[in-house]
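Numbered from 1 within each chain, the chains take letters A, B, ... in sequence-line order.
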There are 2 protein chains.
Amino acid sequence: MTATTLPLARGSQDAQAGTCCAPIARRPLGEGDAAEMAVLLKAVADPVRLRLLSMIGSHAGGEACVCDLTDAFDLTAPTISHHLKVLRTAGLIGSERRGTWVYYWIIPETVNKLGALFAPLTEPGSRSDRPADLTVTPA
Amino acid sequence: MTATTLPLARGSQDAQAGTCCAPIARRPLGEGDAAEMAVLLKAVADPVRLRLLSMIGSHAGGEACVCDLTDAFDLTAPTISHHLKVLRTAGLIGSERRGTWVYYWIIPETVNKLGALFAPLTEPGSRSDRPADLTVTPA
DNA sequence: AAGCTACTTAGACAATCGTCAAAACAGCGC
DNA sequence: GCGCTGTTTTGACGATTGTCTAAGTAGCTT
């Protein structure tokens with residue numbers, strides 16, 4: 001099998017690649033968008049998968065073979081393979097077999113969705129620290 | 001070797017608030033940093049908690065009481081309370097009781113850690129040749 | 001104080017997750 | 001072909017998670 005591309009269909013209003021929704025504190029996340037992003041987040045919410053993703057993304061040449069990854073962990077090969085499958089199913093990485101080894105690379109569009117979700121709000125004049133006070137007088 | 005594996009959890013060396021580590025594809029994530037970020041990500045890797053966080057962060061006044069949040073879900077109050085506790089334990093939100101109601105607000109420093117981790121990949125050609133000096137606006 | 005509302009804690013349950021050992025699959029070299 | 005190495009699949013196991021009901025705590029109003 002070759003590089004997998006997850007359907008991840010029906011993003012609400014994502015006309016742009018690498019974006020699903022507005023930053024988390026900009027506007028309430030819709031039910032569908034939340035579900036979609038949760039799938040992505042579940043895939044990275046594991047220390048092993050986080051390190052795998054990071055090792056793949058920062059590896060020279062932009063890709064890494066499984067043999068490069070396994071030694072860094074105290075886990076069996078099937079477990080590493082399982083984690084890679086989770087990342088691949090989520091659309092975070094792609095894979096391809098070339099001869100003996102299988103290579104993995106990051107799919108930046110998907111990673112960028114996460115970055116966009118937690119993008120800092122640079123919008124001035126809004127809260128972002130402690131609650132104002134009991135005086136809730138909106139402008 | 002420097003203190004790469006500190007027994008006390010405390011984060012590697014983040015003098016910078018709202019930042020834990022370099023972006024995920026910049027350099028391999030350390031074991032401790034990955035564990036720390038995974039805790040944060042697990043807290044957010046749920047559609048209900050994602051929406052809660054978003055509803056709180058985007059609520060007028062910068063805070064929301066539980067009564068504002070419960071109606072949006074088809075879940076019992078204890079379940080909502082449980083999810084809020086998970087978010088609060090992770091340091092993503094703060095809470096305070098004022099009279100009858102309990103108010104929640106976002107802690108942006110923690111959310112920014114997630115944003116920094118998935119910061120967009122800029123130059124796909126050059127990696128790890130710079131010591132990752134991202135400077136987040138200190139609020 | 002008694003009753004009411006808002007919210008949290010405690011305990012239980014099925015479902016999912018992370019891990020492993022064993023087996024299977026895919027290429028390469030002899 | 002046969003054996004060897006690299007990677008994935010299968011099946012199983014305990015641990016964790018999301019949800020509920022029931023009961024508890026905190027504050028207001030009478």
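- The side chain to side chain donor-acceptor pair (under 3.5 Å) with His83(B) is formed by just one residue from the set Arg51(B), Arg49(B), Arg88(B); it is Arg49(B).
- Within 4.0 Å (heavy atoms only), Ser81(A) reaches at least one base atom of the nucleic acid.
- Tyr103(A) comes within contact range of no nucleotide atom at all, as no heavy-atom separation falls under 4.0 Å.
- Within the 3.5 Å criterion, the main-chain N or O of Tyr104(B) finds no donor-acceptor partner in the side chain of Ser95(B).
- Nucleic acid contact for Arg88(B): none, since no nucleic acid atom lies under 4.0 Å from a heavy atom of the residue.
- Looking at heavy-atom distances under 4.0 Å, Tyr104(B) makes contact with sugar-phosphate atoms alone, never a base.
- Among the protein residues, Arg49(B) comes within range of the sugar-phosphate backbone only, with heavy atoms under 4.0 Å from sugar or phosphate atoms but none that close to a base.
- When the side chains of ILVMFWY residues are joined at heavy-atom separations under 4.5 Å, either directly or via intervening members, Val44(A) and Val86(A) end up in two distinct hydrophobic clusters.
- Lys42(B) contributes a side-chain N or O that, together with a main-chain N or O of Ala45(A), makes up a donor-acceptor pair within less than 3.5 Å.
- For Lys42(A) and Ala77(B), each mapped to the nucleotide of DNA chain C holding its nearest heavy atom, the one lying further toward the 5' end belongs to Ala77(B).
- Take the nearest nucleotide of DNA chain C for Gly99(A) and for Val66(B): the residue whose nucleotide is more 5' is Val66(B).
- Think of Tyr103(A) as one node in a network of Ile, Leu, Val, Met, Phe, Trp and Tyr side chains linked at under 4.5 Å; its network also takes in Trp101(A).
- Protein atom CG of Leu41(B) is 13 Å distant from nucleotide atom P of dG18(C), rounded to whole Å.
- Look at Lys85(B) and you won't find any side-chain N or O under 4.0 angstrom from OP1 or OP2 of dT8(C).
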Are there any protein N/O atoms within less than 3.5 Å of an N/O atom in nucleotides 20-22 of chain C, and if so, which ones and at what distance?
from	atom 1	to	atom 2	distance (Å)
dC20(C)	OP2	Thr76(A)	N	3.1
dC20(C)	OP2	Thr76(A)	OG1	3.2
dC20(C)	OP2	Thr79(A)	OG1	2.9

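- Axis angle across the helix from dA1(C)-dT30(D) to dC30(C)-dG1(D), with five pairs used at each end and values rounded to 10°: 10°.
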